[in-house]
S.K.: 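First the structure, which I've put down as structure tokens, then a few questions once you've had a look.
Protein chains get the first letters and strands the later ones, always in sequence-line order, with residue 1 at the start of each.
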2 protein chains.
Amino acid sequence: MADKPAATAATQEGQARTKMGAVKMDDIARMAGVSKSTVSRALSGSPLVNEETRARIQALVESHSYRVDTRAQGLRKGHTHTIAVVIPLLHEHDQPISDPFFLELLGHIADAVADHGYDLLLSKIGPGRTNGMADLVDTGRVDGLIAIGQSTAHLGLERLAARGMPLVVWGAQLPEQHYVTVGSDNRAGAERAVAHLIAQGRRRIVFLGQRTVPEIRLRHEGYVAALAAAGIEPDPALDVPTRFASAAALTAMRSLIAGGASFDAVFACSDVIAISAIRALQDQGLKVPQDVAVVGYDDIQMAAFYNPALTTVRQDTATGGRLLVDLLFAQIAGRPARSVMLPTELVVRASCGAALSGTTTPGSR
Amino acid sequence: MADKPAATAATQEGQARTKMGAVKMDDIARMAGVSKSTVSRALSGSPLVNEETRARIQALVESHSYRVDTRAQGLRKGHTHTIAVVIPLLHEHDQPISDPFFLELLGHIADAVADHGYDLLLSKIGPGRTNGMADLVDTGRVDGLIAIGQSTAHLGLERLAARGMPLVVWGAQLPEQHYVTVGSDNRAGAERAVAHLIAQGRRRIVFLGQRTVPEIRLRHEGYVAALAAAGIEPDPALDVPTRFASAAALTAMRSLIAGGASFDAVFACSDVIAISAIRALQDQGLKVPQDVAVVGYDDIQMAAFYNPALTTVRQDTATGGRLLVDLLFAQIAGRPARSVMLPTELVVRASCGAALSGTTTPGSR
DNA sequence: ATGAAAGCGCTAACAA
DNA sequence: TTGTTAGCGCTTTCAT
């Protein structure tokens, strides 16, 4: 590890940097026999620079693999070319949760951000400290914020938006809300899923999810609406709160079963929760979907591969992620941005006990 | 959304910013009746500043919620206080994969980075373009790099390390390698798992994973070693390459079955792959573990909740993530850093058909 | 078509 | 203990 660099160093004649002392715009200028300003212009594609000069500069830039210092550039131009993604739920109870849904969404956001030529800062700021989010832009680290899940931060988010901070959040669209959200139609998605369960002849349907989260509250409304449409009175005993982690869901389901509750279906507020619930049911010798039908939410990749394959409400993370980013850039550019509610799709597979002839298996369609 | 800010604005007397025009250090200095330098000193906890002055400055800073501009600070001090995490596999074939293992590791890295008071830049640079990684630090965007999975970028990573760039990669420890890695003992982990399968009486064991990835190659070595120890000759027909995505694994497994291969166990190179494989087996009416025993790798949270619960080789993402970060900071500080190989643990659950009396179910221990 | 000079917001000598 | 003066590396008037 000692001589290799030296050897390489001897190769290039200019040898800009061996380890430190990166080449700067001034250096390129000197070598090209022009001024800093000209180099700057050449690099930013200004038309007021001689083609020949530009070529000479380009060559130098290449051969020395010079890159403009974005930090200095940003300081001068007043922006950062990076946006932050904040995932409150990433640190539920100081333990990273690992819901695949987040990574899927994050992946799409990363793509979209990169397409705009921006960098992405991932922040672990919790929902409690929205001023932490504000700092991110106040200290000139990012140009805007994307929050995934409003969680309990609603008020804080309102404050940020009121301050004119570029901000888009993935989550529920609340009444009287002043910040921009992108999210699926939680109410309709849940209603549709529960209606489907009812159509299968299920009547005692468990609601598995924590209603303190705005999106979950909307899903609960959909649940209630579907029941109402069928003339069913919601039973409080079947309203089971649980966090998004597998273990929490398992525990919740187990104690429901232990409590002797009677039910024939479960509407779980995420696929991860659904999977844990199924596990708990099977452990007790209950068959899914025969004894208990289960529907999840999200349609994470693994949903199709579980056994039984999971019926679930698909959230379109691809267009969601892109929209999140587009709306943020609109705000940064000073253009108006309006909240968007994405339609959901009920993906019927085996776990809900629907027309088994049509069981959707991955790859089979 | 129009009058709220105005109302709030009237509340605070100083009213630093309504929307733009963030307050700067100069402003605080003027208000405090001191110079910029004094403010700078006060804020950085310098001992050469009068306590009373410091208090006055602090008060102003609070009331105007002033934050120093990290971009300017970094420009001056020569660092960025942010490090980049590059996940090559995040964009296999232009499609984001969503292996929970990555999120778990990423979460721990995020924690550790935050503990150091640094920011985390998430980059989608692919394994092919390691010069893209170099740019990240050359353009002054980050102080160092963490690559998750060396994938096919080995040579590029070597070059970066040779240039003296702070870099740590999660992956396999290759011979003659000049960059620092953190990773589990892939060879031993795989060997142990396969040996366990053999101990259950299985002899025809499928290897499910792509050997072009260094870590997978090591796992294959372990697989071969375990077979050899039992006097079993590896059958090339049972060496099934597959990418990390669920769909790819499903396809691979299906065509193996369709090809009429005979086998009684599967060693899958990730839990996601294992789950898809089980799905494929069950679709064909094969029982797991009775007909085919399956072992996975990673021990993602969901492994315990699958049906059957997955026997798997646990990789300790918590200490892995922390180590990755610690070693990177060591390099940044100019301290020496040595590669670390983490021990793995075989977590025996139902899918491998081991002593079923002891089936490990989540929460039951 | 190019150069000189003035900053972007901050820190770090060097003085006082 | 505090202020003054230079920059960090770049962009951008304003001249030429």
Side-chain angles (χ1 to χ4, degrees), chain A residues 16-17 20-58 60-61 64-82 135 137-143, chain B residues 16-17 20-58 60-61 64-82 135 137-143:
Chain A
R17 67 175 95 73
M20 61 153 311
V23 22
K24 304 168 279 195
M25 192 177 275
D26 245 343
D27 303 332
I28 299 290
R30 203 166 309 115
M31 296 170 185
V34 296
S35 80
K36 236 179 9 173
S37 339
T38 303
V39 175
S40 174
R41 280 192 275 258
L43 262 35
S44 60
S46 161
L48 332 91
V49 47
N50 190 319
E51 262 319 313
E52 194 218 333
T53 322
R54 186 199 305 282
R56 192 150 29 97
I57 292 174
Q58 268 302 349
L60 258 353
V61 165
H64 291 263
S65 61
Y66 163 76
R67 310 273 97 139
V68 177
D69 185 321
T70 52
R71 168 181 4 56
Q73 191 178 48
L75 181 57
R76 178 64 228 241
K77 307 227 286 195
H79 63 234
T80 62
H81 259 242
T82 112
D135 279 1
V137 357
D138 286 343
T139 59
R141 280 191 292 225
V142 303
D143 293 340
Chain B
R17 68 176 92 77
M20 63 153 309
V23 21
K24 305 169 276 197
M25 191 177 277
D26 243 346
D27 303 332
I28 299 289
R30 202 166 311 115
M31 295 171 185
V34 296
S35 81
K36 236 178 10 174
S37 343
T38 303
V39 175
S40 175
R41 280 191 277 257
L43 262 34
S44 60
S46 161
L48 334 90
V49 46
N50 190 318
E51 261 320 313
E52 195 219 334
T53 322
R54 185 198 305 282
R56 192 151 29 97
I57 292 174
Q58 267 302 350
L60 259 351
V61 165
H64 292 261
S65 60
Y66 162 78
R67 312 271 95 140
V68 333
D69 185 321
T70 52
R71 168 185 355 64
Q73 189 179 49
L75 181 58
R76 178 63 229 242
K77 307 227 286 194
H79 63 233
T80 63
H81 259 241
T82 112
D135 280 1
V137 356
D138 286 343
T139 59
R141 278 190 293 224
V142 303
D143 294 339

S.K.: Roughly, in whole Å, what's the span from CE in A:Met25 to C1' in D:dG9?
M.R.: 8 Å
S.K.: Within this structure, what is the CD-to-P distance between B:Glu51 and D:dT1, rounded to whole angstrom?
M.R.: 10 Å
S.K.: Give a yes or no answer on whether the side chain of A:Arg56 reaches the backbone of A:Ala32 with a donor-acceptor pair at less than 3.5 Å.
M.R.: yes
S.K.: Go through DNA chain C in 5' to 3' direction and return only the first and the last nucleotide with some atom under 4.0 Å of chain A's heavy atoms.
M.R.: C:dA1 to C:dG9
S.K.: For B:Ser40, which residues count as a side-chain contact (heavy atoms from CB on, under 4.5 Å) partner, sequence neighbours excluded?
M.R.: B:Met25
S.K.: I need the minimum non-hydrogen distance between B:Tyr66 and B:Leu43, along with the two atoms involved.
M.R.: CE2-CD2, 3.7 Å
S.K.: Run the side-chain contact (heavy atoms from CB on, under 4.5 Å) test against B:Arg30 and tell me which residues pass, sequence neighbours left out.
M.R.: B:Asp26, B:Asp27
S.K.: How far does the helix from C:dA1-D:dT16 to C:dA16-D:dT1 bend, going by the axes of its first and last five pairs, to the nearest 10°?
M.R.: 40°
S.K.: Looking at residues at least two apart in the chain, or sitting in another chain, which of them share a side-chain contact (heavy atoms from CB on, under 4.5 Å) with B:Ala72?
M.R.: A:Leu75, B:Asp69
S.K.: Excluding sequence neighbours, so at least two apart, what forms side-chain hydrogen bond (donor to acceptor under 3.5 Å, both in side chains) with A:Ser37?
M.R.: A:Ser35
S.K.: Could you state the atom-to-atom distance from CZ of A:Arg30 to P of D:dC10 in whole Å?
M.R.: 12 Å
S.K.: Output the residues of residues 37-47 of chain A in contact with DNA chain C, where contact means a heavy atom of the residue under 4.0 Å from an atom of the strand; sort by number or write none.
M.R.: A:Ser37, A:Thr38, A:Arg41
S.K.: B:Arg141 has an atom CZ; how far is it from atom C1' of D:dG9, in whole Å?
M.R.: 15 Å
S.K.: Rounded to whole Å, how long is the line connecting atom CZ of B:Arg76 with atom C1' of D:dA6?
M.R.: 8 Å
S.K.: If you look at every heavy atom in B:Ile57 and B:Val39, which pair is closest and at what distance?
M.R.: CD1-CA, 3.9 Å
S.K.: Determine the contact category for B:Thr70: base if any of its heavy atoms lies under 4.0 Å from a base atom, sugar-phosphate if only primed atoms, P, OP1 or OP2 are that close, otherwise nothing.
M.R.: nothing
S.K.: Which residue pairs pass the salt bridge (charged side-chain N to carboxylate O under 4.0 Å, His left out) test with at least one member in residues 34-54 of chain B, sequence neighbours excluded?
M.R.: B:Glu51-B:Arg54
S.K.: Rounded to the nearest angstrom, tell me the gap between atom CD1 in A:Ile28 and atom C1' in D:dC10.
M.R.: 14 Å
S.K.: Is there a side-chain contact between A:Tyr66 and the phosphate of D:dC10, meaning an N or O under 4.0 Å from OP1 or OP2?
M.R.: yes
S.K.: Could you tell me whether a side-chain N or O of A:Thr70 sits under 3.5 Å from a main-chain N or O of B:Thr139, the two making a donor and an acceptor?
M.R.: yes
S.K.: What pairs with B:Thr82 under side-chain contact (heavy atoms from CB on, under 4.5 Å), at least two apart in sequence or on another chain?
M.R.: B:Thr80, B:Asp119, B:Leu121, B:Val142
S.K.: Separation of A:Asp26 atom CG from D:dT11 atom P, in whole Å?
M.R.: 12 Å
S.K.: Of B:Leu75 and B:Arg56, whose closest DNA chain D nucleotide lies nearer the 5' terminus?
M.R.: B:Arg56
S.K.: Report the residues that fulfil ring-ring contact (aromatic ring centres under 6.0 Å, His included) with B:His79, sequence neighbours left out, ordered by chain and then residue number.
M.R.: B:His81
